[in-house]
Asks: 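Shown below is the structure under consideration.
What's counted below: heavy atoms across the whole structure, side chains too, no hydrogens, waters or symmetry copies.
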Amino acid sequence: MAVEDTMEGRVMVMLVREVMTTDVVTVGPGDPVRRAVRVLYGHDVTAAPVLDGEGRLVGVISEMDLLRGEFERDPRSSARIVLGHSAPVPYTVADVMTSEVTTVTETTDVTAAIDLMICKRVKSLPVTRGDRVVGMLSRRDLLALLARPDEDIRADVLTALDEQYPTGPSWEVTVRDGMVELRGRHAASVDDIADLLARTVPGVVRVRHLG
C-alpha cells in the first residue's frame with residue numbers, strides 16, 4: 001500500500017488487490033442465457049467474467065447484456081398492433097456477452113480503476129494475472145470500504161496497534177469519516193510503524209499523526 005503526503009496528512013493510495021473480490025463467479029460462452037441469469041441473480045453480482053474451457057477470459061456478461069432480447073413488447077402497452085415475428089431470442093452467453101473487455105491487474109491503483117469504470121461506464125472490472133482472472137473489482141467493493149462505521153475502523157486500528165505493541169507505547173486514536181488521527185509522539189521509527197499499521201485497516205482513507 002503506497003502513501004502520498006499532503007497538507008492534511010498521509011493519503012492512502014490503495015491497490016486493486018487490497019479491495020477486489022477473489023471468490024469470482026464465472027460463466028462459459030456456451031452457457032444458456034437463462035443459466036447465466038440465475039448465476040448472477042443467485043450470487044447477487046452485476047457482471048461475471050466469461051471463461052473458455054481453458055480458463056481464459058473471452059468476455060464479460062452483465063445484467064444489461066442478459067436482459068437483451070429476453071422480453072417482447074406487451075401489446076397492451078400500445079394501441080398499435082405490430083405484425084410479424086420478433087428477432088430470435090439470444091440463447092447462449094456468447095450471443096450477448098461483451099467480448100472487448102477492459103481489465104485491471106492486482107497492482108493497478110484503485111483511482112485508475114475508478115477512472116476506467118467511469119470512462120467505460122461499467123460497474124465492475126475483471127482483475128487479471130497474465131491471461132487468468134484472479135478477481136473482480138466492483139463499485140460495491142469500493143463502497144463497502146467507504147461505508148465502514150468509524151467505530152469499527154477505530155476498533156481495528158487499536159487492535160492492530162495492540163498486537164504490535166502489547167506492552168506499549170500507546171496512542172490515542174480518533175476516527176472521523178475514515179480519517180484516523182494518532183495522538184502521542186514516540187521514537188520516529190515506532191510512529192512510522194504505527195502509521196503503517198493504521199493504513200492497513202480497511203476503510204482508512206487518511207492517517208495523521210499529532211503530538
Asks: How would you list, by chain and number, every residue that makes a side-chain contact (heavy atoms from CB on, under 4.5 Å) with T159, sequence neighbours excluded?
Replies: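 Applying side-chain contact (heavy atoms from CB on, under 4.5 Å) to T159 gives E163.
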Asks: Can you tell me how far CD of E18 sits from CG of L145, rounded to the nearest 0.5 angstrom?
Replies: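 L145 CG to E18 CD: 10.0 Å, rounded to 0.5 Å.
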Asks: Between V173 and L161, is there a side-chain heavy-atom distance shorter than 4.5 Å?
Replies: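 L161 reaches V173 side chain to side chain.
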Asks: Decide yes or no for R56 and D131: does some side-chain heavy atom of the first lie under 4.5 Å from some side-chain heavy atom of the second?
Replies: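 They are in contact (side-chain heavy atoms under 4.5 Å apart), so the answer is yes.
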Asks: Side chain to side chain contact (heavy atoms under 4.5 Å, CB included) between L137 and M117: does it pass, once the steps are laid out?
Replies: CA-CA 10 Å; L137 178 69; M117 288 180 178; 3.9 Å; yes
Asks: Hey, any chance Y165 and V201 share a hydrophobic cluster, counting ILVMFWY side chains that come within less than 4.5 Å of each other, even indirectly?
Replies: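 Yes; tracing contacts between hydrophobic side chains, which count when under 4.5 Å, links both residues.
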Asks: Would you check if T174 and V180 make a side-chain contact, meaning some heavy-atom pair closer than 4.5 Å?
Replies: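 Side chain of T174 against side chain of V180, heavy atoms only: no contact under 4.5 Å found.
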Asks: Below 4.5 Å, heavy atoms only, C-beta onward: do T98 and S62 meet side chain to side chain?
Replies: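 No, too far: nothing below the 4.5 Å cut-off.
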Asks: Rounded to the nearest 0.5 Å, what separates atom OG1 in T46 from atom NZ in K123?
Replies: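 So the gap between those two atoms works out to 6.0 Å.
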Asks: Could you please spell out the steps behind the side chain to side chain contact (heavy atoms under 4.5 Å, CB included) verdict for R208 and L182?
Replies: CA-CA 6 Å; R208 298 180 63 191; L182 300 178; over 6 Å; no
Asks: Verify, without hydrogens or angle tests, whether D152 (side chain) and R148 (backbone) share a donor-acceptor contact under 3.5 angstrom.
Replies: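 Pair absent, no side-chain N/O of D152 close to backbone of R148.
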Asks: How about L116 and V104: do any of their side-chain heavy atoms sit closer than 4.5 Å?
Replies: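 SC-SC contact between L116 and V104 confirmed.
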Asks: Checking side chain to side chain contact (heavy atoms under 4.5 Å, CB included) against V16, which of T108, T107, D109 comes through?
Replies: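 It is T108; the other options fail the test.
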Asks: CG/L146 to CG/L143 distance, rounded to the nearest 0.5 angstrom?
Replies: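 The distance works out to 6.5 Å.
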Asks: For residues G28 and V93, report the shortest heavy-atom separation together with the two atoms involved.
Replies: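 Between these two residues, the closest heavy atoms are O-CB, 3.5 Å.
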Asks: Would you say D156's side chain and I153's backbone share a donor-acceptor pair under 3.5 angstrom?
Replies: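 It does not hold such a pair.
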Asks: Determine whether a donor-acceptor pair (N or O, by modelled atom type, separation under 3.5 Å) exists between the side chain of D150 and the backbone of D177.
Replies: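 Indeed, once roles are kept as given, a pair shorter than 3.5 Å links the two residues.
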Asks: Find out whether E106 and V134 are in side-chain contact, i.e. whether some heavy atom of one side chain is under 4.5 Å from a heavy atom of the other.
Replies: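 E106 reaches V134 side chain to side chain.
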Asks: Do L125 and M136 belong together in a cluster built from hydrophobic side chains that touch within less than 4.5 Å?
Replies: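 Different hydrophobic clusters.
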Asks: Is any side-chain heavy atom of L51 closer than 4.5 Å to a side-chain heavy atom of V58?
Replies: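 Not in contact.
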Asks: Is there a donor-acceptor pair closer than 3.5 Å between any side-chain N or O of D52 and the backbone N or O of L57?
Replies: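 Flag not set: sc D52 to bb L57 has no pair under 3.5 Å.
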Asks: Please give me the minimum heavy-atom distance between D65 and V60, naming the atom from each residue.
Replies: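 In terms of heavy atoms, the two residues are closest at OD2-O, 3.7 Å.
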Asks: Taking D162 for the side chain and P166 for the main chain, is one N or O donor matched with an acceptor at less than 3.5 Å?
Replies: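 The answer is no, because no donor-acceptor pair under 3.5 Å joins these two groups.
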Asks: So W171 and D195, do their side chains get closer than 4.5 Å, heavy atoms only?
Replies: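 Side-chain contact under 4.5 Å: no.
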Asks: How far does CD1 of I193 sit from CD of Q164, to the nearest 0.5 angstrom?
Replies: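 If I round to the nearest 0.5 Å, the distance is 6.0 Å.
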Asks: Looking at D44 and R140, is any side-chain nitrogen of the basic one under 4.0 Å from a carboxylate oxygen of the acidic one?
Replies: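 Yes, R140 and D44 are salt-bridged.
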Asks: Please determine whether residues V204 and V175 belong to a single hydrophobic cluster, defined as Ile, Leu, Val, Met, Phe, Trp and Tyr linked transitively by side-chain heavy-atom distances below 4.5 Å.
Replies: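 Result: yes, single cluster for both.
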Asks: Kindly give the heavy-atom pair with the smallest separation between S124 and A47, and that separation in Å.
Replies: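 So the minimum-distance heavy-atom pair works out to OG-CB, 3.4 Å.
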Asks: For a side chain to side chain contact (heavy atoms under 4.5 Å, CB included) check, start with the C-alpha distance between L197 and V157, then their side-chain angles and the critical distance, and finish with the verdict.
Replies: CA-CA 7 Å; L197 290 171; V157 170; over 6 Å; no
Asks: Surrounding CZ of R132 (heavy atoms of other residues, nucleotides or ligands, distance under 6.0 Å), is the total greater than 12?
Replies: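 Yes, the 6.0 Å shell around CZ holds more than 12 heavy atoms from other groups.
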Asks: Mark yes when over 12 heavy atoms from residues, nucleotides or ligands other than R139 sit less than 6.0 Å from its CZ; otherwise mark no.
Replies: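 Result for CZ/R139: enclosed.
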Asks: In Å and rounded to the nearest 0.5 Å, what is the CE to CG distance from M20 to L142?
Replies: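 Between atom CE of M20 and atom CG of L142 there are 13.0 Å.
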Asks: List the steps and the verdict of side chain to side chain contact (heavy atoms under 4.5 Å, CB included) for V50 and V101.
Replies: CA-CA 10 Å; V50 183; V101 185; over 6 Å; no
Asks: Is L66 linked to Y41 within one hydrophobic cluster, defined over Ile, Leu, Val, Met, Phe, Trp and Tyr using a side-chain heavy-atom separation of less than 4.5 Å?
Replies: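 Result: no, two separate clusters.
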Asks: Do other residues, nucleotides or ligands put more than 12 heavy atoms under 6.0 Å from E151 CD?
Replies: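 Result for CD/E151: enclosed.
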Asks: Regarding S189 and D192, is there a side-chain donor-to-acceptor distance under 3.5 Å anywhere?
Replies: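 Distance-only check fails for S189 and D192.
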Asks: With a 3.5 Å cut-off and no angle check, do the side chains of D191 and H186 form a donor-acceptor pair?
Replies: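 Per modelled atom types, D191 and H186 side chains form no pair under 3.5 Å.
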Asks: Mind checking the CD-CZ spacing from E181 to R176? Nearest 0.5 Å is all I need.
Replies: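 Answer rounded to 0.5 Å: 8.0 Å.
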Asks: Count I, L, V, M, F, W, Y as connected when their side-chain heavy atoms are under 4.5 Å apart, and connections chain through other members. Are V37 and V24 then in the same cluster?
Replies: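 No, V37 does not connect to V24 through the hydrophobic network.
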